[in-house]
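Convention: sequence-line order gives letters A, B, ...; per-chain numbering from 1. Values below: all heavy atoms of this structure, side chains included; hydrogens, waters and symmetry mates excluded.
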Protein chains: 2
Amino acid sequence: MLTNRQLLILQILIDEYIRNAEPLGSRSISKRQDITFSSATIRNELADLEDMGFIEKTHISSGRIPSEKGYRFYVDHLLAPVNVTNSDLQQIHSLFHDKMSELELLIEHSAKMLSEITKYTSIILGPEVYETKLKHLQIVPISIGTAVIILITDTGHVEKYTVDLPIDMDASDLERTVNILNDRLQGVPFSQLKSKLVEEVEGLLLTHLNNYEKILDFLVQLFQTEKSDKVYYGGKTNILNQPEFQDVEKVKALYNAIEQYDLVQQLLHQDDSTGIKVKIGAENLLKEMKSCSLITASYSIGGQHMGTLAILGPTRMEYPRVIGLLDLLSKDLTRVLTDRYYSK
Amino acid sequence: MLTNRQLLILQILIDEYIRNAEPLGSRSISKRQDITFSSATIRNELADLEDMGFIEKTHISSGRIPSEKGYRFYVDHLLAPVNVTNSDLQQIHSLFHDKMSELELLIEHSAKMLSEITKYTSIILGPEVYETKLKHLQIVPISIGTAVIILITDTGHVEKYTVDLPIDMDASDLERTVNILNDRLQGVPFSQLKSKLVEEVEGLLLTHLNNYEKILDFLVQLFQTEKSDKVYYGGKTNILNQPEFQDVEKVKALYNAIEQYDLVQQLLHQDDSTGIKVKIGAENLLKEMKSCSLITASYSIGGQHMGTLAILGPTRMEYPRVIGLLDLLSKDLTRVLTDRYYSK
DNA sequence: GTTAGCACTCGAGATGATTGAGTGCTAATT
DNA sequence: AATTAGCACTCAATCATCTCGAGTGCTAAC
């Protein structure tokens, strides 16, 4: 276990390194007012901390920087929760003041605002459509054989598919189908559309339509296509301000990684349990992110997980501040969205 | 005017510089087989070309590189049109083979493919909704006082607005309104929706609805909101491979500029006349793009301008190849879209 | 008009000295 | 036994110096 003095030194070292991005030596630590012992003592402690793997040297006679294990320890044990500053608080609340009617717009603005106040890159996984309920379905033929199918959810989200219609389906078939579907499927969560369709609607279609088989196949197909969540970014260029990303090759690798939506989705989805999650460096699975940390929080509507907020920064990130901000915003977002869309 | 020899030398210099990104000296030019005169002669010619402003030096004893005026001359007078290579041709055609039903998807894939085969960054201004015709309008209430309004165009595009409904509008009002609008406005181009509404529909609403004024106001408001085109990007990180963008500051400035959709739209919209347009360096108005060139082509449906294809690269760009590709793709795209959506 | 020749310039690299911030270790001090 | 002072040592960073080579412009000869 670490002694109090070691804890203090580790804390100072990480705080300072996060601030300045420069290796810290025993002498500069000893010069702080809250340090009462000499640089030689600190040297010994630093050597011990290094042996335990919490800090490392960049070269043999350099100062120390935190290791990933050091950051992990810092986040798990040393983090003094900081209050969100007043100006940050105002920024966040202003999001909700001018009540934005579009959910997507609200999310987009949240991403932008997060990146602006943190100076890091924000990533938000958009409202999951999976557990929202069908409000209305519409099929609009746009030319011979093709039509646009529109599904509208109770959160005002619109899903759109352009499809080829079964060739022998005429206008009246279409109308009857739409009516039946709207009648039977309204209020059904997207996740259950397919089973409801097979269980309840199949019979109705059978009695009302000629070639019900093709249409049913077609609808089953439609309802089981994976709906992937949208990914919103804010401040992608903020990465370029970090001293650890002055190398264009590193930037390229990271950008290429975070523009692959499926990868990002996987990354942020890892566990959608509530609470703040911090992934440091290599914990992130993507090798392009080994000098980055990712802090995530999730937001929900009426207890139902809806999406994920994330901040991507260097491992040398202002953990306390970002954690505080994400915690606040995720709770606010959850509250506002629940108010708006969960009103029974 | 330039002599034939000067033309030859300028052509060689620009071609080589585009290939290697390194200043070219008289000696290396004289070593080519197609050059029959000595380096001293070339030195004299280079000095003349420099006096005329077509080429410049990076420092006093360096080789020459093309100036913007040089590139301009090259593009306007020296460009030998090159044929699109077979493999590029296949790539482009494969876009259309697996017939994609979603127009947006086709555009998105086009952007990706363009960036992959050119190794530059592609920007596509996505189908303009302005001249497409209304196919169907739907209003779906999603909670008390709010509704989603959906407009579907004849190209299968869906526009969505979440709006606050006038408080005293009941379900039957809504239904009547929707019916009237669909009846009267189908087939009307978006650009004329507002005038048609005022001219033809106002009277009908008056006779069928109680509080028609509020609703009319509301619809006028809706129809006159600017519909800004979507911007699609491909290969944004390709910029980082260019030797002229090894400086992170430059990259940041450019990225910040091209992520401002309104700026980009303005930039690509500048003239939507047909044909290929080449904007070199400072011709681009944005100072962040002064070391870039932008080559644009437009695509249309049935003669109606729909959007713009663009390639963004360093001024040292492979003009002939990119021009050939854009020309081909824009024409193919126009043909395919016209076939698909202009069938009377 | 063309070319050979020459003095000159400048960037890019290599080399070496200097500095300063850091280390580990040992011996003295508390 | 813990702490500290002192010292030899290491290494990155910086700067001056040098060399090399690719380039130039200019002049005089072809």
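Residues B:Thr85 and B:Asp88 have side chains that bring a donor and an acceptor to within less than 3.5 angstrom of each other. Between the side chains of B:Thr237 and A:Asn256, at least one donor-acceptor pair of N or O atoms lies under 3.5 Å.
Using a 4.0 Å cut-off between charged side-chain N and carboxylate O, B:Lys250 and B:Glu288 make no salt bridge. With respect to B:Glu56 and B:Arg64, no salt bridge is recorded, no charged nitrogen being found less than 4.0 Å from a carboxylate O. Residues A:Glu283 and A:Arg72 are paired through a salt bridge, judged by an N-O separation under 4.0 Å between the basic side chain and the carboxylate.
Outside the 6.0 Å centre-distance limit, the rings of B:Phe245 and B:Tyr255 are not counted as a close aromatic pair.
Atom CD in B:Glu22 sits roughly 10 Å away from atom P in C:dA12 (whole-Å rounding). Atom pair A:Ile35:CD1 and D:dT3:C1' shows a separation of 14 Å (rounding to whole Å applied). Remark: P of D:dT10 and NE2 of A:His59 are 14 Å apart, rounded to the nearest angstrom. For A:Asn20 and C:dG22, the CG to P distance is 12 Å, given to the nearest whole Å. In this structure, B:Ile65 atom CD1 and C:dG11 atom P are separated by 14 Å, rounded to whole Å. The separation between A:Ile42 atom CD1 and D:dT4 atom C1' is 11 Å, rounded to whole Å. The distance between atom OH of A:Tyr17 and atom P of C:dA21, rounded to the nearest whole Å, is 19 Å.
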Query raised in the report: When every nucleotide of nucleotides 17-30 of chain D is labelled 5' to 3' by its protein contacts under 4.0 Å (heavy atoms), B for base, S for sugar-phosphate only, - for none, what sequence of letters results?
Result: ------BBB-----
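Sequence order on DNA chain C of the closest nucleotides to B:Arg5 and B:Thr58 puts B:Arg5 first from the 5' end.
Between C:dT2 and B:Thr41, no contact under 4.0 Å exists linking OP1 or OP2 to a side-chain N or O.
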